[in-house]
Every structure is written in structure tokens, then in C-alpha cells.
K.L.:
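The structure under discussion is supplied below as C-alpha cells; questions concerning it will follow.
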Amino acid sequence: MDPTTVNAQIIDVINQSQLATMSPQVVMTSGAGKAYQSVAQSSAIAVQDAADALRNISTIATTAAGVAMAQYLATGEERYKNALDAAQQLMQNATTDFSNVGTAAANVLKGFPAG
């Protein structure tokens, strides 16, 4: 056997491997799957960021409500009751924003082809 001759079975294995991994359909499916994973990760990060924002706003609103309540009890002034209402509204708005981000992220992901 000539040392420069490659066994036909080896050539066939190489050709089959290339076909299985580099055919246009495989490349398209793999690319679409990677794109889907990237969109899914971006959606998850958006929801995590919204959760962080909600947590931070909750801390601010709770602190403001505590201060306002203490002042309202001490003075009875209406402006502190208004501050309590504003803190509650702040939390309601933040909760709505969180829900909107979650819904939007889910809709983007549902509408993106998985492959």
C-alpha cells in the first residue's frame, strides 16, 4: 500500500462528519438555537434588573413611609399622610413596571423562533 494513499473508509468518515456538522441545515439550526439562547438570556437579565429596581424602590418607599408615619403620629400634619399615600403609589407603580417588564420579556421570547 502506498503511504500517501488514505483509506477510503477514513475519507468517508471525514466526509460524513463534515456533512453532519457543516451542512446548511445544521448551521442554520445551530445559529437559530444560539440566537434564541441569547434572546432568552437577555430577557432573563431584563427581568432580573426589574426585580432589582423593584427591591430598591421598595426599600425607598418603606423608609419614606416609616419616616412619614412617625412624623404624622407626632404632628398630625396632613402633609405626612400625603407622603404615606405617595410611598404607597410609588410601590404600586413599581410593581406594575415589574409586571410589564416580565410580560414583555416573555412575549419577546415566545415570539422568537427556537430553531
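Everything quoted here is computed from the prediction, not taken from an experiment. Values below: every heavy atom of this structure, side chains too, minus hydrogens, waters and symmetry copies.
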K.L.:
Kindly compute the distance separating CD (Q41) from CD (Q48), expressed to the nearest 0.5 Å.
P.N.:
9.0 Å

K.L.:
With sequence neighbours left out, what residues match Q92 under side chain to side chain donor-acceptor pair (under 3.5 Å)?
P.N.:
none

K.L.:
Do L90 and F98 land in one hydrophobic cluster if side-chain heavy atoms of ILVMFWY residues count as linked below 4.5 Å?
P.N.:
yes

K.L.:
Supply the atom-to-atom distance T62 OG1 to M69 CE, rounded to the nearest 0.5 angstrom.
P.N.:
12.0 Å

K.L.:
For L109 and Y36: C-alpha separation, side-chain torsions, deciding distance, then whether side-chain contact (heavy atoms from CB on, under 4.5 Å) applies.
P.N.:
CA-CA 8 Å; L109 196 55; Y36 180 82; 3.7 Å; yes

K.L.:
Do V47 and I45 sit in the same hydrophobic cluster, where Ile, Leu, Val, Met, Phe, Trp and Tyr count as joined when their side-chain heavy atoms come under 4.5 Å apart?
P.N.:
no

K.L.:
So how far is it from N100 CG to N93 CG, rounded to the nearest 0.5 Å?
P.N.:
10.5 Å

K.L.:
Which atom pair, heavy atoms only, marks the closest approach of A105 to S43?
P.N.:
O-OG, 3.7 Å

K.L.:
Taking S38 for the side chain and K34 for the main chain, is one N or O donor matched with an acceptor at less than 3.5 Å?
P.N.:
no

K.L.:
Compile the donor-acceptor pairs under 3.5 Å between side chains in residues 51-61 and protein atoms, sequence neighbours left out, one pair per line.
P.N.:
{"residue": "D52", "atom": "OD1", "partner": "R55", "partner atom": "NH1", "Å": "2.7"}
{"residue": "N56", "atom": "ND2", "partner": "D52", "partner atom": "O", "Å": "3.3"}
{"residue": "T59", "atom": "OG1", "partner": "R55", "partner atom": "O", "Å": "3.1"}

K.L.:
Say whether I11 and I14 are linked into one hydrophobic cluster, either directly or through other cluster members, by side-chain heavy-atom distances under 4.5 angstrom.
P.N.:
yes

K.L.:
Restricting to side chain to side chain donor-acceptor pair (under 3.5 Å), what partner residues turn up for N82, sequence neighbours left out?
P.N.:
none

K.L.:
Could you tell me the separation between the CG atom of L84 and the NZ atom of K81, rounded to the nearest 0.5 Å?
P.N.:
7.5 Å

K.L.:
What is the distance from atom OH of Y72 to atom CD of E78, rounded to the nearest 0.5 Å?
P.N.:
5.5 Å

